[in-house]
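Just below is one structure, and these are the notes that go with it.
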Amino acid sequence: MLDIKYIRENPEKIRERIATKNGDVDITAIIDLDTRRRNLGKKTDDMKHRRNTVSQQISLKKRNKEDASAEINDMQSLSANIKENDIALTAIQDELNTRLLLIPNCPHPDVPVGNSEADNIEISSWGQIPSFDFKVKDHLDIAESLGMLDLKRGAKLSGSGFPLYAGWGARLERALINFMLDLHINEHGYTEIFPPFLVHSDVATGTGQLPKMADDMYYLKEDDLWLIPTAEVPVTNMHRDEVLSSANLPIKYVAFSACFRREAGSYGKDTRGLQRLHQFNKVEMVQFVHPDQSYAQWELLIGHAEKVLQELKLPYRVLELCTADLSFAAARCRDIELWAPGSQKWLEVSSCSNFEDFQARRANIRFKDEKGMHYVHTFNGSGVATPRLLIAIIENYQQADGSILVPDVLQSYLGTTQIKG
RNA sequence: GGAGAGGUGGCAGAGCGGCUGAAUGCAACGGUUUGCUAAAUCGUCGUAGUGCUAAUAGCGCUACCGGGGGUUCGAAUCCCCCCCUCUCCGCCA
């Protein structure tokens with residue numbers, strides 16, 4: 001959410017910044033609502049002041065056994081008017097809020113302006129793209145032949161997009177999650193969180209998924225609960241409506257969770273194997289920081305995600321997303337993509353977004369220092385999502401005989417050096 | 001799912017129609033004093049909206065005692081609904 005005062009004072013600037021994100025906002029309507037809210041609010045507050053004053057007089061008169069019926073009469077009609085105004089005011093406030101919640105975050109000034117994902121900029125890369133002296137296969141062929149994946153049975157249970165891992169596939173999945181959590185906890189100083197996977201509407205609103213992305217989330221009507229699309233949602237909202245102590249910042253959490261996404265509107269795109277799923281596992285890093293440290297810490301977090309891939313010795317590249325490719329809530333974002341030789345493409349395994357105070361304002365997460373109250377900055381990044389990581393491991397570590405070598409750092413977790421048929 | 005108790009400022013905890021934005025204690029901040037890893041003492045000490053103003057400084061007004069309604073000239077205080085926490089019972093991994 002943007003600050004209404006900032007909108008009031010910089011309407012044109014906001015319109016321009018949002019336009020670079022291909023967003024369109026009716027700033028005029030918002031400013032109009034804001035003006036009406038302030039005018040009616042002032043008027044009503046003055047009426048309430050009068051009521052408070054006169055009520056004091058009534059109290060005094062009654063104590064002195066004097067007649068106060070004239071004043072009481074007056075106040076009866078005044079109170080009726082106040083009630084009418086309050087109702088009107090609530091309606092204005094509600095509409096204003098609804099509109100404010102639909103305004104995307106403004107991109108950071110350093111974000112390259114672009115029209116599509118084609119305008120994202122590669123800012124670094126790591127590792128060598130491997131070459132093979134045999135015909136490479138893609139992850140689905142390999143995993144199915146090794147009994148690691150059973151997508152047919154997954155679909156029998158829940159439909160396509162709900163993968164069923166079996167045998168070494170299931171064990172590899174579990175090993176990856178443990179490896180990543182341990183890395184972030186032991187080497188990067190994060191505190192582990194294991195959150196609920198179902199959350200209230202206001203929680204999903206706090207991080208920016210609602211109201212705009214409602215169609216992309218699974219919803220349980222009976223209980224009014226949403227399945228989380230990422231651990232970011234519950235973990236960020238842990239501190240909703242809290243005042244944090246500045247001495248405790250930055251707060252760094254890492255959480256494993258299953259993630260549920262309806263992927264409405266993306267049918268048929270990148271669907272082979274594990275590329276795009278309705279349910280997947282992810283290790284997510286979330287930080288709450290002082291605004292002054294925001295971008296420095298965010299860069300470190302990207303390094304934490306990269307470290308996972310370096311330890312696994314997988315080639316990757318880092319992209320700075322252009323304005324058009326930024327998500328609703330993000331001010332700035334870098335994606336990390338892994339090379340998948342069997343599929344012959346780069347696969348996004350981590351998205352590291354800085355939201356500045358956008359989420360903090362929505363979720364009301366503040367900190368206090370000598371100068372007063374401020375909103376924290378929040379940012380997060382996958383560290384990382386498992387399905388595409390699994391694809392990259394299988395495809396990069398595949399052998400001519402159809403087996404897969406296990407990356408060094410996973411061998412102790414898996415108890416083997418090679419996965420064979 | 002059933003029964004009971006309770007939700008008050010950073011925390012603990014009074015208040016139970018007007019003199020309460022809220023006692024008291026702790027914590028925090030500032031000063032004094034003594035001095036050694038502390039105590040004593042004085043003062044300050046909620047958040048948000050809004051108006052005036054050059055002002056994130058100051059002053060004023062309004063709102064907020066889990067959330068939403070109601071009664072009343074006036075509600076933290078009375079009434080109704082909902083949510084949450086705790087205890088007991090039931091069910092259950």
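- B/A76 and B/A14 are spaced 12 Å apart, taking the C1' atom of each and rounding to whole Å.
- Counting distance only, with no hydrogens placed and no angle test, the side-chain atoms of A/Asp45 and the base atoms of B/G51 include no donor-acceptor pair under 3.5 Å.
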Distances under 3.5 Å between protein N/O atoms and the N/O atoms of nucleotides 74-80 of chain B, please, pair by pair.
from: B/G74; atom 1: OP1; to: A/Ser79; atom 2: OG; distance (Å): 2.8
from: B/G74; atom 1: O4'; to: A/Ser55; atom 2: OG; distance (Å): 3.4

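- Within the structure, the ring pair (Phe, Tyr, Trp, His ring centres under 6.0 Å) test picks out the following pairs touching residues 218-252 of chain A (sequence neighbours left out): A/Tyr219-A/Trp226, A/His239-A/Tyr253, A/His239-A/Phe288.
- Here B/G46 is the nucleotide among B/G46, B/C73, B/G18 with the atom lying nearest to any side-chain atom of A/Lys368.
- Remark: P of B/U62 and CZ of A/Arg50 are 13 Å apart, rounded to the nearest angstrom.
- If you take atom P in B/U47 and the same atom in B/U34, they sit 35 Å apart, rounded to whole Å.
- The nearest whole Å value for the distance from the NZ atom in A/Lys62 to the C1' atom in B/G17 is 11 Å.
- Remark: side-chain polar atoms of A/Arg366 are not paired, donor with acceptor, to backbone N or O of A/Val243 under 3.5 angstrom.
- Atom NE2 in A/His374 sits about 14 Å away from atom C1' in B/U47, given to the nearest Å.
- The two residues A/His290 and A/Leu249 make their nearest non-hydrogen contact at N-CD1, 3.9 Å.
- Here, B/G51 and B/G74 have their P atoms 26 Å apart, quoted to the whole Å.
- One can place CG of A/Asp74 at 17 Å from P of B/U72, the figure rounded to the nearest angstrom.
- Between the C1' atom of B/G18 and the CD atom of A/Glu71 lies a distance of 15 Å, rounded to the nearest Å.
- Among pairs with a residue in residues 152-162 of chain A, those fulfilling side chain to side chain donor-acceptor pair (under 3.5 Å) read A/Asp150-A/Arg153, at least two apart in sequence or across chains.
- Note: CG (A/Asn364) to P (B/A48) measures 9 Å, nearest angstrom.
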Side-chain donor/acceptor pairs under 3.5 Å, residues 301-308 of chain A, sequence neighbours excluded:
from: A/His304; atom 1: ND1; to: A/Tyr190; atom 2: OH; distance (Å): 2.8
from: A/Glu306; atom 1: OE1; to: A/Tyr316; atom 2: OH; distance (Å): 2.6

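- OP1 or OP2 of B/U56 has not a single side-chain nitrogen or oxygen of A/Lys5 nearer than 4.0 Å.
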So which protein N/O to nucleotides 6-11 of chain B N/O distances come out below 3.5 Å?
none

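- Under a cut-off of 6.0 angstrom, the local environment of CG in A/Asn115 is sparse, with at most 12 non-hydrogen atoms contributed by other residues, nucleotides or ligands.
- For RNA chain B, the residues of residues 25-40 of chain A within the heavy-atom distance limit of 4.0 Å (strictly under) are A/Arg37, A/Arg38, sorted by number.
- Using C1' as the reference atom, B/C79 and B/C88 are 29 Å apart when rounded to the nearest Å.
- Separating the CG atom of A/Asp202 from the P atom of B/G67 is a distance of 14 Å, rounded to the nearest angstrom.
- Between A/Trp168 and A/Leu414, some side-chain heavy-atom pair lies under the 4.5 Å cut-off.
- The pair A/Lys5-A/Glu9 fails the salt-bridge criterion, with no side-chain N (NZ, NE, NH1 or NH2) lying under 4.0 Å from an Asp/Glu carboxylate O.
- For B/C73, one of the phosphate oxygens OP1 or OP2 lies less than 4.0 angstrom from a side-chain nitrogen or oxygen of A/Gln76.
- When each of B/U47, B/G51, B/C61 is scored by its nearest atom to the side-chain atoms of A/Asp46, the top-ranked nucleotide is B/C61.
- Each of A/Asp45, A/Asp46, A/Thr44 was scored for a side chain to side chain donor-acceptor pair (under 3.5 Å) with A/Lys42, with one residue passing: A/Asp46.
- Rounding to whole angstrom units, CZ of residue A/Arg63 and P of B/C73 are separated by 18 Å.
- For A/Lys48, the side-chain atoms get nearest to B/A63 when compared with the rest of B/G18, B/A63, B/A48.
- The side chain of A/Lys42 lies closest to B/G51 when the candidates are B/C73, B/G18, B/G51.
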